[in-house]
Every structure is written in C-alpha cells, then in structure tokens.
Amino acid sequence: MSAPSTSCRIDVFWHDGMLNHDTGKGVFDTGMNPGFLEVLEKHPENSDRIINIVSILSKGPISSYISWHSGSPATIHQLLSFHSQEYVDMLIEADKNGGKKEICSGTFLNPGSFNAALLAAGTTLSAMKYILDGYGELVYALVRPPGHHAQPTQADGYCFFNNAGLAVQLALDSGCKKVLVLDIDVHYGNGTAEGFYRSDKVLTVSLHMNHGSWGPSHPQNGTVDELGEGEGFGYNLNVPLPNGSGDKGYGYAMREVVIPAVEKFEPDMMVLVIGQDSSAFDPNGRQCLTMDGYREIGRMVRRLADKHCGSRLLIVQEGGYHVTYSAYCVHATLEGVLDLPHPLLSDPIAYYPEDETFAVKAIEEIKQFQMKNVPMLKDV
C-alpha cells in the first residue's frame with residue numbers, strides 16, 4: 001500500500017515561544033494612553049489572534065489534514081542572508097538593554113520580542129527546508145511577529161525580520177532557479193519587494209489596498225510603477241486595489257493579472273504570503289474578502305503550484321487582526337490550498353455585499369500598464 005500523497009495534507013510549523021512577544025495596550029497600535037479612556041485595547045498584532053489560528057487548525061474540521069511540526073530560532077548567520085549586520089546588531093543591542101523600545105511607528109520591542117522574532121524567522125526557514133528536503137509539499141509557517149514589511153536595513157509595520165524573504169533566499173541558495181512570492185496581505189509587502197528589487201530570480205506580486213507610504217520606515221508606495229530595478233525590472237508587480245474590492249475583485253485580479261504573470265515566469269518554487277487583514281471585518285484593512293474569497297485564492301494558488309512547482313508551496317502568515325474572523329479565514333485559505341471539493345466550515349458572518357465595478361476598472365488599468373511596460377508580459 002502506497003503512502004498517502006503529501007498534497008493531501010498541510011504541514012504546519014509552529015512554536016508557542018512566539019506568543020511571548022508582548023505588544024502592549026493603547027490607542028490602536030500607538031501604545032499611547034491618553035488618560036481619558038477607561039478601556040485600552042490590545043495592540044492589533046497580539047498573541048490572541050495567533051492562539052485562535054492554532055486552535056481552529058487543531059480543533060476545527062480541517063484538523064485531520066494537518067500535521068504539526070515544531071519550529072526553532074534562526075541563527076544570526078541565517079538572518080544575514082537577507083538583513084544587514086548593522087540592522088541585526090541594533091536589534092541585538094536593544095534587546096540586551098531590556099527591550100521596551102519603539103523601533104518604528106507601532107513596532108515595539110519588549111522583553112521576549114527578540115526571541116519571538118528569531119523563532120518566527122527560524123520557523124519559516126524550517127518550513128522551507130522541509131519542502132526543499134522533499135519531506136512535504138504544502139507547508140504553512142504559522143508565525144508572529146509578521147515579517148513582510150521588514151526591509152534589509154530596517155524594521156517596519158510590526159515586522160522585525162522578513163520571514164518570507166529569508167525563506168526565499170534559502171530556496172535560491174539551495175538551487176531553486178525562480179521563486180514566486182504572492183502576497184495577499186492587505187498592505188504592500190514592501191520589505192520583501194525591496195529585498196529582491198534588483199533580482200530577476202524572484203517575481204514578487206502584491207495585492208494590497210491603495211495606501212501609499214506611511215512614513216520613513218515605509219518609503220515604498222506600492223504603486224504600479226514600482227517595477228524593480230536593473231536585472232529586476234519587471235519582476236516586482238504591484239496590484240493596488242480600490243477599497244472594498246472583495247471576493248469578486250480579488251478573483252478578477254488573480255485571473256487577469258496574477259495568473260498570466262506566473263505563467264510567463266514559470267517558477268519552480270512558490271511562496272504564498274497570507275494576511276487576513278484583507279477580510280471584510282478587519283480593523284486594519286479596508287477590503288471585503290470573505291471566507292469564500294480566501295478559499296478561492298487558495299484553490300488558484302494550489303493549481304499554479306501543481307502546474308509549475310511539483311505542488312511545492314510555502315505559506316507564510318502575516319497580518320489579520322480580527323481575533324475570531326481571521327482564524328476562520330485562515331481555515332478557508334487552507335481548505336482552498338487543499339483543493340477540497342466542499343467547504344468544511346461555514347462563514348459565521350456570511351455574505352458581505354460588494355460592487356466589483358471599481359475594482360474591475362482599476363485592475364484593467366493595471367493590466368494595460370503592465371502589458372505596456374513589463375518586458376515579460378508584452379506578448380501575453
């Protein structure tokens with residue numbers, strides 16, 4: 001009797017030490033207590049959101065498809081494959097001095113934070129190595145703090161180390177020729193894009209709300225004309241979506257922009273960067289994705305991985321700040337990646353009305369711009 005296909009399961013890499021990153025309380029993500037509020041809320045990037053994801057995958061209907069693995073901390077040497085020595089040294093020094101430092105806006109290094117960040121980076125690297133060593137095909141790095149805003153030389157947007165970027169570099173160093181990074185977090189995956197902005201070996205594609213730059217730590221705008229530089233020109237594709245694009249808008253963007261680009265690029269490894277802050281009810285996003293939308297994106301990505309990468313797909317967790325709905329949307333995303341014939345879990349909030357008209361118009365304009373300006377896509 002043959003062993004079951006690894007494509008029928010998802011290997012999840014996790015370590016509960018990542019819960020020790022305490023981001024504190026205040027007014028949203030500022031850490032500020034104005035003195036006139038009776039109840040201060042937790043920072044949006046708090047451990048509760050991840051505890052619920054772990055719980056739904058352990059106890060929900062998808063649990064029989066999940067195999068659990070323990071992550072381990074990254075070494076300093078591993079971090080230097082993506083980050084500069086000066087930046088890593090700065091974080092080490094801040095941690096030695098007891099933490100309690102706001103590294104950049106909304107991004108707090110407290111006691112336990114540095115070790116949690118090492119675990120997030122190392123757990124993602126462990127997940128990628130598991131794929132590269134041939135032990136699994138569909139692998140999910142369930143990690144925090146998130147990473148896709150962290151640039152080679154600076155922290156940004158709740159992120160210290162670029163977990164996905166480190167995994168991509170490991171894949172390249174291990175012999176992969178072309179790696180696709182598809183980022184569906186509601187914010188531009190600017191740090192990952194910056195890390196490979198001059199490389200034609202990595203195609204970074206980011207679907208995000210049209211938010212622009214939010215300060216010195218986030219100089220990139222996520223606009224369509226940020227296409228890469230040098231050999232990397234045309235290998236950074238941004239898809240800034242109108243607020244409220246929803247399931248239909250995201251589906252249209254996948255079909256009309258993402259899939260054609262992936263077909264031309266022909267990757268041999270894929271990394272799906274997921275953030276549930278693009279959901280209909282997230283406090284940190286302005287999009288309208290529901291469980292159905294996440295499920296369908298998961299299916300589309302799975303088909304691309306099957307066609308181009310021998311089903312090899314690394315999924316890396318980023319944002320998602322509605323403490324309950326984010327967990328449901330992760331469940332739905334993984335259902336889609338498994339390409340299950342029927343939903344395992346119904347949507348507790350159900351249908352959210354949407355009008356895809358604005359999204360379709362914007363996506364058509366993005367598509368025409370890319371076909372005119374991106375060499376790889378000119379003859380599509």
For [Y], does its backbone N or O pair with a side-chain atom of [X] as donor and acceptor, under 3.5 Å?
X    : Y    : answer
T23  : E45  : yes
D247 : T290 : yes
E266 : H308 : no
Y158 : P44  : no
S55  : I51  : no
N284 : D277 : no
N20  : A116 : no
E296 : D292 : no
E354 : K248 : yes
H331 : L344 : no

Going by heavy atoms in the side chains, are [X] and [Y] under 4.5 Å from each other?
X    : Y    : value
R49  : R144 : yes
I62  : E335 : yes
S278 : M209 : no
Y252 : E364 : yes
D282 : Y325 : no
L227 : F369 : yes
Q151 : Q220 : yes
I349 : Y328 : no

Distance in Å, [X] [atom1] paired with [Y] [atom2], rounded so as to fall on 0.5 Å steps:
X    : Y    : atom1 : atom2 : answer
Y135 : D11  : OH    : CG    : 12.0 Å
I297 : I184 : CD1   : CD1   : 4.5 Å
L340 : R302 : CG    : CZ    : 9.0 Å
Q276 : C329 : CD    : SG    : 6.5 Å
T204 : N238 : OG1   : CG    : 7.0 Å
M270 : I131 : CE    : CD1   : 11.0 Å

Do H218 and H211 have their ring centres less than 6.0 Å from each other? yes
Quick one: are the ring centres of F160 and H21 less than 6.0 Å apart? yes
Tell me whether R303 is salt-bridged to D306, with the criterion being a basic N under 4.0 Å from an acidic carboxylate O. no
Are any of the side-chain nitrogens in E93 or K96 under 4.0 Å away from the carboxylate oxygens of its partner? no
For [X] and [Y], which heavy atoms make the closest approach, and how far apart are they?
X    : Y    : value
K101 : N110 : N-OD1, 4.5 Å
R312 : C176 : NH2-SG, 3.9 Å
K25  : L40  : CD-O, 4.0 Å
L377 : A261 : CD2-CA, 3.7 Å
W14  : L142 : CE3-O, 3.3 Å
A193 : N236 : CB-OD1, 3.1 Å

Mind checking whether F281 and H322 have parallel, tilted or perpendicular rings, split at 30° and 60°? perpendicular
F13 and H69 aromatic ring geometry - parallel, tilted or perpendicular at 30°/60° bounds: parallel
Walk me through it: do I274 and Y294 pass the test side chain to side chain contact (heavy atoms under 4.5 Å, CB included)? CA-CA 9 Å; I274 60 172; Y294 282 106; over 6 Å; no
Do we see a donor-acceptor contact under 3.5 Å between the side chains of [X] and [Y]?
X    : Y    : value
T192 : N162 : yes
D173 : Q169 : yes
H43  : D29  : no
Q287 : H208 : no
D183 : Y188 : no

CA sep, side-chain torsions, deciding dist, call: L182, M254, side chain to side chain contact (heavy atoms under 4.5 Å, CB included): CA-CA 10 Å; L182 173 59; M254 288 291 297; 3.9 Å; yes
Before giving the answer on side chain to side chain contact (heavy atoms under 4.5 Å, CB included), spell out for F265 and Y235 the whole-Å C-alpha distance, their side-chain angles and the decisive distance to 0.1 Å. CA-CA 9 Å; F265 184 63; Y235 292 91; 3.9 Å; yes
Please assess Y87 against L79 for the test side chain to side chain contact (heavy atoms under 4.5 Å, CB included), listing each intermediate value before the final yes or no. CA-CA 10 Å; Y87 171 59; L79 296 177; over 6 Å; no
So with a 6.0 Å cut-off around CD of E41, is the heavy-atom count from everything else above 12? yes
Do other residues, nucleotides or ligands put more than 12 heavy atoms under 6.0 Å from F233 CZ? yes
Cluster link [X] to [Y], ILVMFWY, side chain under 4.5 Å:
X    : Y    : value
L207 : F358 : no
V186 : V239 : no
I92  : F108 : no

